[in-house]
Amino acid sequence: MDGIVVIGFLSKNKITALSADDGKIPWNFTTDSPVMSSPAYSSGYFYFGTSNGVAYAVSSGGKELWHTKLGSIVTTSAAAF
C-alpha cells in the first residue's frame, strides 16, 4: 500500500497506520490482546496475530475482514503471497 506504514503494538493491543509522508494516523485497529507479530500485507489486507492466539485480516482502511482463534500465541509474522 503506497504511502502507509502499519505497525503493531505489544503494550497497546492495536495496529496503527501511519502516513509515510507526514506521520499522521489515518486509523487504528484495536484487538483484545497484544499484537505479537508484524503485519503482512497482501491484496488490500493486513494479516497479523496476537498473544491470545487470534489471527486477523484487516482492510487497508482499518476494518476487520475476519479473525480466527488458532489456539496458541502468534509470535511470527505472516507470509502473504
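Computation of the quantities below employed the complete heavy-atom set of this structure, encompassing side-chain atoms and omitting hydrogens, waters and symmetry-equivalent molecules.
The environment of NZ in Lys69 is crowded: more than 12 heavy-atom neighbours from other residues, nucleotides or ligands sit within 6.0 Å.
Judged as a side chain to side chain donor-acceptor pair (under 3.5 Å), the pairs with a partner in residues 45-54 (not counting sequence neighbours) are, in order, Ser33-Ser51, Thr50-Asn52. Residue pairs meeting the side chain to side chain donor-acceptor pair (under 3.5 Å) criterion with at least one member in residues 5-21, sequence neighbours excluded: Thr16-Asn28, Ser19-Asp22.
Contacts of Ser77 classified as side chain to side chain contact (heavy atoms under 4.5 Å, CB included), with partners at least two apart in sequence or in another chain: Ser37, Ser38.
Cluster membership for Trp66 and Val58, using ILVMFWY side-chain heavy atoms within less than 4.5 angstrom, is not shared.
Leu70 belongs to a hydrophobic cluster with Val74, counting contacts under 4.5 Å between side-chain heavy atoms of Ile, Leu, Val, Met, Phe, Trp and Tyr, direct or through other members. Summarising the hydrophobic clusters (Ile, Leu, Val, Met, Phe, Trp, Tyr; side-chain heavy atoms under 4.5 Å, direct or chained), the residues clustered with Leu10 are Met36, Ile73.
Here the two rings, on Phe29 and Phe46, have centers that are 6.0 Å apart or farther.
Counting all heavy atoms, side chain and backbone alike, Ser60 lies closest to Tyr41 at CB-CE1, 4.3 Å. In terms of heavy-atom proximity, Pro39 sits nearest to Gly8 at CD-N, 4.2 Å.
With rounding to the nearest 0.5 Å, the separation of CG in Asp32 from OH in Tyr56 is 5.0 Å. The CG atom of Leu18 lies 8.0 Å from the CD1 atom of Ile4; values are rounded to the nearest 0.5 Å.
Side-chain contact between Val6 and Phe48: absent, with no pair of heavy atoms (C-beta onward) separated by less than 4.5 Å.
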